[in-house]
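First the structure, in the form of C-alpha cells, and then the observations on it.
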Amino acid sequence: MSNSAKSLLVDTFSRSIDYVRIAVTSRCNLRCSYCMSEVHEDHFRGDSILSKQELFTIIEVLASLGITKIRFTGGEPLLHGDIVELVHKAKNAGITTVTLTTNGLLLDRFFPALVDAGLDAINFSIDTLDRELYHTITRRDEYGRVRDNLDRLLESPVIPVKLNVVLMRGINCDDIQRFVTLTREHAVTVRFMELQPFDDNQIWRTGKFLGADKIQELLKSSYPDIQTVRGHATQYFSFTLPGHKGSIAIIPAFTRNFCGQCNKIRITSDGKIISCLYEKEGLMLLPLLRSHAGREEIADLFRKAVIKKPVDGKHAARDSVRTSMSEIGG
Ligand code: SAM
Ligand code: SF4
C-alpha cells in the first residue's frame with residue numbers, strides 16, 4: 001500500500017485525519033479522583049487487549065494511511081512493558097511526531113530509552129505542585145518521585161515538555177500561580193484544562209467545573225501584563241509573559257469550539273477505533289486483526305471510522321456513558 005492521495009484519511013467534512021491517540025493500557029498507578037474511582041475495574045486485560053504485534057501492525061497501517069502524529073497514552077502508558085519498542089516502531093514506520101502523555105511517576109526508569117527510541121515530545125500530567133493536595137487528588141502519596149522526575153525533565157530539556165493541569169474550582173486554583181512561576185525559568189508549556197464529563201465519580205457534576213473563560217479571567221487578573229497569542233487547533237488561547245521562557249495555554253473541553261478542526265481519531269487498548277471523543281461505540285479492530293485480515297482490510301476499517309466522524313461531537317457529551325478517561329487516553 002502506498003501513501004497515495006486515495007489512501008489518506010479524509011472525513012465527510014473534508015477534514016484530513018493525520019493524528020491518532022493510542023491508549024496502550026487502561027491500567028494506572030494513580031487514581032486521580034476526576035478520572036477513576038479507587039476500585040476502578042480494569043475491564044481491558046489479558047487476551048482482550050491489543051498485543052505488541054497487533055499494535056505494530058496498526059502502526060504500520062496508520063503510517064501507510066498518511067498519519068503523521070501518534071500519541072501513546074492510557075491509563076498510564078509507562079505501565080505497558082513494550083512502550084519503548086512501540087515508540088521505536090512508530091518512528092521507524094515513518095511517523096513524523098511520536099509523543100506520550102504520562103503521569104510521570106515512572107519516567108526516571110524510562111525517559112532515556114524513550115528519547116533514544118525517538119520520542120519527540122512529552123505531556124506530563126500534574127495538577128498541583130503541593131504535596132498534600134497531590135495525594136488528595138491522585139489518592140497516592142507519590143508527589144516526591146513525580147516532582148523529582150518533573151524537575152529533571154525541566155532542567156535538561158532534551159525534548160519539548162507540556163504540563164497538563166486539570167483545574168477544579170475550589171481545589172487547585174491556587175496552583176495557577178505556582179505553574180505560571182515555573183514558566184519563568186523553564187521553556188515549558190503549561191496547559192490549564194477543563195474537566196471533562198468522563199469519570200467514575202462524575203466530579204464535574206459537583207460544582208468543581210471551571211470553564212476556560214473563568215480560567216482566563218483568573219489568569220488575567222493575576223498577570224495584567226500577560227500577552228495573548230492565538231492558539232492552534234487544540235488550544236483555546238496561548239499566553240506569554242514578558243521575560244518568561246515558557247508559555248501558558250488554556251484547553252477548553254466542554255466549552256470547546258474547535259471540534260470543526262478536529263484532525264484525530266483514537267484507538268483503545270481493547271482494539272476499538274473511536275472517531276470522536278464523545279462517541280459511545282467504536283469500530284472493533286481486534287477481531288479483524290485476529291482473523292488475520294490483510295493490511296488493506298484493516299485500512300478500510302480506519303476509513304469507515306473516519307467516515308463516522310461527526311462534524312461536532314460535543315452535543316453528545318451531556319449523555320456520554322464513558323466511565324473513565326483512562327479508556328480512551330484523553
Ligand atoms: N495517565 C496518563 C496521564 O495522566 O497523563 C495518560 C492518560 S490520562 C487519561 C490523559 C489526560 O487526561 C491527563 O492529562 C488527565 O489529566 C486527563 N483527564 C483524565 N480524566 C479527565 C477528566 N475527567 N477531565 C479532564 N481531563 C481528564
Ligand atoms: Fe491515571 Fe492518568 Fe487517569 Fe490519573 S488521569 S488516574 S494518572 S489515567
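Order of listing sets the numbers, starting from 1, for every ligand and every atom in it.
Listed by number with element, the atoms of ligand 1 under 4.0 angstrom from any heavy atom of E194 are 25 (C). Atoms of ligand 1 found under 4.0 Å from any heavy atom of N103, numbered from 1 in the order shown, are 2 (C), 3 (C), 5 (O). Atoms of ligand 2 lying under 4.0 Å from any heavy atom of C28, numbered from 1 in the order shown and given with element: 1 (Fe), 6 (S), 7 (S), 8 (S). Within the listing of ligand 1, atoms 14 (O) sit less than 4.0 angstrom from a heavy atom of N164. Atoms of ligand 1 lying under 4.0 Å from any heavy atom of E76, numbered from 1 in the order shown and given with element: 1 (N), 2 (C).
Between D127 and ligand 1, no N or O atom pair is found at a separation short of 3.5 Å. Some N or O of G75 is nearer than 3.5 Å to an N or O of ligand 1, by distance alone. Of the polar atoms of S125, at least one N or O is found under 3.5 Å from an N or O of ligand 1, judged by distance alone.
Interatomic distance, CD1 of I273 versus CG of L283, reported as 5.5 Å (0.5 Å rounding).
With 2.8 Å as the limit, C35 counts as an N, O or S neighbour of atom 3 (Fe) of ligand 2. Not a single N, O or S atom of C32, from either the backbone or the side chain, sits less than 2.8 Å from atom 1 (Fe) of ligand 2.
Within the 4.0 Å heavy-atom shell around ligand 2 one finds G75. Every heavy atom of C32 sits 4.0 Å or more from the atoms of ligand 1.
The part of T102 lying near ligand 1 is the backbone, judged by heavy-atom distances below 4.0 Å. Contacts between T73 and ligand 1, counted as non-hydrogen atom pairs separated by less than 4.0 Å, involve the side chain only.
Between the side chains of E76 and T25, not a single donor N or O lies within less than 3.5 Å of an accepting N or O.
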Original post:
Passes side-chain contact (heavy atoms from CB on, under 4.5 Å), S269 versus V24? Steps please.
Top reply: CA-CA 5 Å; S269 59; V24 291; 5.8 Å; no
Original post:
After noting the C-alpha distance and the side-chain angles of V306 and R15, does the key distance pass the side-chain contact (heavy atoms from CB on, under 4.5 Å) rule?
Top reply: CA-CA 9 Å; V306 161; R15 292 173 298 195; over 6 Å; no
**OP:** Evaluate the criterion side-chain contact (heavy atoms from CB on, under 4.5 Å) for residue pair Q177 and Y223; output intermediate values, then yes/no.
**Re:** CA-CA 9 Å; Q177 297 204 8; Y223 302 95; 3.6 Å; yes
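Put simply, the side chain of T128 does not reach to within 4.5 Å of the side chain of I171, judged on heavy atoms.
The salt bridge (charged side-chain N to carboxylate O under 4.0 Å, His left out) search around R178 returns D175, not counting sequence neighbours. For the side-chain hydrogen bond (donor to acceptor under 3.5 Å, both in side chains) test, no residue two or more places apart in sequence or in another chain qualifies with R31.
At a threshold of 4.5 Å between side-chain heavy atoms, the hydrophobic network of Ile, Leu, Val, Met, Phe, Trp and Tyr places V158 and L107 in one connected group. No chain of hydrophobic side-chain contacts below 4.5 Å, direct or via other Ile, Leu, Val, Met, Phe, Trp or Tyr residues, connects I267 to M284.
Salt bridge status for E281 with K272: absent, with no side-chain N to carboxylate O gap under 4.0 Å.
Between atom 17 (C) of ligand 1 and the options L167, L78, V166, the minimum heavy-atom separation is to V166. With F124, F72, Y34 as candidates, the residue nearest to atom 21 (C) of ligand 1 on a non-hydrogen basis is Y34. Summarising the contacts of atom 25 (C) of ligand 1 with R191, M168, Q196, the nearest heavy atom is found in Q196.
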